[in-house]
Amino acid sequence: MTQATEQDGRAPVVIVGAGFSGLSAAYELARKNIPTVLIDPDTEVGGLAGSFDVDGVPLEKFYHHWFRSDVDIHRLVAELGAEDNIVYRPTVTGMYHAKSFYRLSGPLDVLRFSALSFIDRIRLGLLVLKARKVTDWRELESRTAKEWLIELGGPEVYRVVWEPLLKGKFGEYAEQVSAVWFWNKLVLRGGSRGKGHKEELAYYRGGFAALAQQVRETIEDNGGTFRLGRSVTGFVREGDRVSGVTLDNGERIEAAEVIVTTATPIASGLLDGHVPADYLERMDRIEYLANICLVLQLDRSLSDTYWLNVADPSFPFVGIIEHTCFEPPESYGGRHIVYLSKYLPPTAELYRMDDADVLDFALPHVQRMFPAFDRSWIRDHHVWRARYAQPVVCKHYSEIMPPMQTPLENVSLATMAQVYPEDRGTNYAVRMGREAGKMVAERLERHPAIRPEASRAV
Ligand SMILES: Cc1cc2nc3c(=O)[nH]c(=O)nc-3n(C[C@H](O)[C@H](O)[C@H](O)COP(=O)(O)OP(=O)(O)OC[C@H]3O[C@@H](n4cnc5c(N)ncnc54)[C@H](O)[C@@H]3O)c2cc1C
């Protein structure tokens, strides 16, 4: 029995996963005095936006920032009274192509992008403007990103700029990726500009871990509990409803409602045998890429670029993100933090390598790109892997994506793969989690007999 059931004899809302979706669902329920139990195999909250310690300071395992368009994060932070913790900073974006570095932070950089002929630079600039003019994503649902990008910018712009990025990110799925996915990337990134049209991105003082912790404390202050280091293994069924969940230690937890926020392959495993085949099929059609990030802590900087897209198929990572060109190195005891990121299938050799082998494999490539770089610059390194890092958004995705309400009356699904037409991100995890929390709260309001009683109010 959980604390909530012991305290008041009524079942809480069980939330499967304590990433930003799960935390936000619980936060929304806490605001309405509804107790929750959040369960996660990880020992910390935050999920994919979780952190590790660099000299006692939390740093995201996978690079994270926000855009100006991330309004749901801003709203949540404002409700927590912590707006001063959001800091905006100008960032430099670049591209590595054919052994050369190019700055690509604004329109003038595009005009100077000598990897393309002058006419193709104009085409590239116009492509971005034309993409931003699309206001209804439904127009793009039946097209692949490749088809749409070639139509907007021509084959050479596609070959030099977009194809290596799509292949670097989606590998064998590159040509299936929907135009809707790409449209979002162009619109959101382009929309994160401050005065003078310079790109500005946002970060949280103390890192994303500090925000996750604040949300956790708010939930706990209002009767929510956390069962970290534990996985949900199944549902306890009662007709069209579930009455609880089972954990990996054999324990059962009663539930008035369940909100599942894991990746869809995990959710599908939990729902198998409880919902009709067509709902499972929709979930099972969604493919995910994994991600591996090698995080280097260096005694000096590699470059002045925060975000370097690598459009070079011989380089085994698709992005080099120098986090300390965004958040200053002083936040990490003077260390310079560099992420080398690669999206890949979980069967890929790089994903399966030992951490030490990942480092040995990566360094000669880093040296080729930055000839001055020397292994002696490395103070420490970490390797992080995420099996479910990026859902593959294909054509007509809206017809595949499972709805939030599952066929089970009191089980909802709020996962990264249901963020559409936008792409995954903590902002959308907050939006989706809160939406699920609201839906569940309304249902409980309509059935006061099963409404769990909160121990304290927000
Ligand atoms: C490389 C990378 C870079 C990114 N960069 C950014 C960025 O710059 N900005 C941004 O906003 N977002 C970024 N994101 C995306 C962002 O991290 C995610 O969109 C967001 O964290 C998803 O939150 P979630 O709660 O929906 O899912 P998750 O964080 O995946 O949470 C799901 C949770 O379910 C748990 N779980 C799994 N199985 C079980 C089980 N059986 N029982 C209980 N719990 C279970 C997992 O442990 C996990 O904690 C990035 C992601 C990656 C991979």
Side-chain angles (χ1 to χ4, degrees), residues 14-27 37-51 60-67 69-70 72-74 91 169 185 188-189 192 201-204 207-209 211-212 215 226-235 245-249 253 258-271 288-295 306-307 317-319 321 323 326 339-344 384-391 413-419 422-436:
V14 166
I15 299 179
V16 187
F20 270 85
S21 294
L23 286 170
S24 306
Y27 169 80
V37 178
L38 289 95
I39 303 157
D40 200 299
D42 214 334
T43 51
E44 305 283 342
V45 297
L48 282 175
S51 296
E60 293 72 36
K61 294 173 184 168
F62 306 94
Y63 46 94
H64 272 73
H65 58 247
W66 292 306
F67 297 107
S69 49
D70 286 342
D72 292 273
I73 278 284
H74 285 81
T91 47
K169 176 129 187 181
K185 291 289 154 199
L188 290 186
R189 187 125 208 169
S192 202
L201 300 175
Y203 195 60
Y204 200 75
F208 280 48
L211 176 59
V215 179
F226 285 78
R227 298 296 307 273
L228 300 178
R230 285 276 158 252
S231 297
V232 172
T233 51
F235 294 147
V245 298
T246 51
L247 302 191
D248 53 354
N249 61 351
I253 296 186
V258 178
I259 302 175
V260 181
T261 71
T262 67
T264 46
I266 298 171
S268 162
L270 293 174
L271 287 164
Y288 282 76
L289 285 162
N291 180 277
I292 185 163
C293 262
L294 168 62
V295 190
Y306 166 60
W307 189 280
F317 296 89
V318 70
I321 295 97
H323 175 73
F326 176 40
Y339 294 89
L340 300 175
S341 167
K342 175 73 184 159
Y343 289 89
L344 65 193
W384 300 106
R385 293 173 189 77
R387 164 59 193 97
Y388 298 110
Q390 172 71 56
L413 187 71
T415 78
M416 205 162 68
Q418 292 158 286
V419 174
E422 302 87 355
D423 185 34
R424 49 134 233 212
T426 48
N427 180 68
Y428 302 105
V430 168
R431 184 179 77 186
M432 170 155 302
R434 294 189 74 166
E435 204 181 308

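All ligand and atom numbering here is 1-based and tracks the order in the structure.
- In this structure, Y63 has its ring center no closer than 6.0 Å to that of W384.
- In this structure, the side chain of H323 does not engage the main chain of I321 through any donor-acceptor pair within 3.5 Å.
- Scanning the protein for heavy atoms near atom 33 (C) of ligand 1, the closest one is D40 OD2, 3.5 Å.
- Neither the backbone nor the side chain of A386 comes within 4.0 Å of ligand 1, counting heavy atoms alone.
- The minimum heavy-atom distance between A26 and L38, with the atom names listed, is CB-CD1, 3.6 Å.
- Below 4.0 Å from some heavy atom of S231 lie the following atoms of ligand 1, by number and element: 41 (N), 42 (N).
- Both the backbone and the side chain of Y63 come within 4.0 Å of ligand 1, counting heavy atoms alone.
- From the protein, the heavy atom lying nearest to atom 31 (O) of ligand 1 is G19 CA, 3.7 Å.
- T233 contributes a side-chain N or O that, together with a main-chain N or O of T246, makes up a donor-acceptor pair within less than 3.5 Å.
- For atom 24 (P) of ligand 1, the nearest non-hydrogen atom of the protein is S21 OG, 3.5 Å.
- With respect to atom 8 (O) of ligand 1, the closest heavy atom belonging to the protein is H65 N, 2.9 Å.
- Side-chain atoms of N291 do not come within 3.5 Å of backbone N or O of A386 as any donor-acceptor pair.
- A side-chain donor-acceptor contact under 3.5 Å links R424 to the backbone of A389.
- For atom 15 (C) of ligand 1, the nearest non-hydrogen atom from the set Q390, R424, K342 belongs to R424.
- Of the candidates R230, H64, R387, it is H64 that places a heavy atom closest to atom 16 (C) of ligand 1.
- Of the possible donor and acceptor atoms, one in the side chain of E60 sits under 3.5 Å from a partner among the backbone N and O of F208.
- Donor-acceptor pairing under 3.5 Å is lacking for the side chains of T262 and Y388.
- Of the candidates I321, V232, T261, D248, it is T261 that places a heavy atom closest to atom 27 (O) of ligand 1.
- E422 places no side-chain N or O within donor-acceptor distance of the main-chain N or O of Y428, the cut-off being under 3.5 Å.
- Within ligand 1, counting atoms from 1 as listed, the ones closer than 4.0 Å to a heavy atom of V16 are 42 (N), 43 (C), 44 (N).
- Annotation for ligand 1: atoms under 4.0 Å from non-hydrogen atoms of G17 are 33 (C), 34 (O), 35 (C), 43 (C), 44 (N).
- In this structure, atom 19 (O) of ligand 1 lies nearest to the protein heavy atom G425 N, 2.9 Å.
- Side-chain contact between L228 and D40 is present, with heavy atoms from C-beta onward closer than 4.5 Å.
- Annotation: atom 22 (C) of ligand 1 to nearest protein heavy atom, M416 SD, 3.9 Å.
- Close approach to I266 involves these atoms of ligand 1, each under 4.0 Å from a residue heavy atom: 37 (C), 38 (N).
- In this structure, Y343 counts as a contact residue of ligand 1, since one of its heavy atoms falls inside 4.0 Å of the ligand.
- T415 places no side-chain N or O within 3.5 Å of a backbone atom of T261 that could act as its donor or acceptor partner.
- For atom 44 (N) of ligand 1, the nearest non-hydrogen atom of the protein is P41 CD, 3.2 Å.
- Residue, atom and distance of the protein heavy atom nearest to atom 11 (O) of ligand 1 are T426 OG1, 2.6 Å.
- With atom 38 (N) of ligand 1 as the reference point, the heavy atom nearest to it among T262, L228, L38 is part of T262.
- Taking any N or O of A429, backbone or side chain, none lies under 3.5 Å from an N or O belonging to ligand 1.
- When heavy-atom distances to ligand 1 are checked against a 4.0 Å cut-off, L48 comes that close through both its backbone and its side chain.
- The side-chain heavy atoms of F20 and D72, taken from C-beta on, include no pair separated by under 4.5 Å.
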Full working for side-chain hydrogen bond (donor to acceptor under 3.5 Å, both in side chains) between T91 and W307: CA-CA 8 Å; T91 47; W307 189 280; over 6 Å; no
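- Distances from ligand 1 to the non-hydrogen atoms of I39 include at least one value under 4.0 Å.
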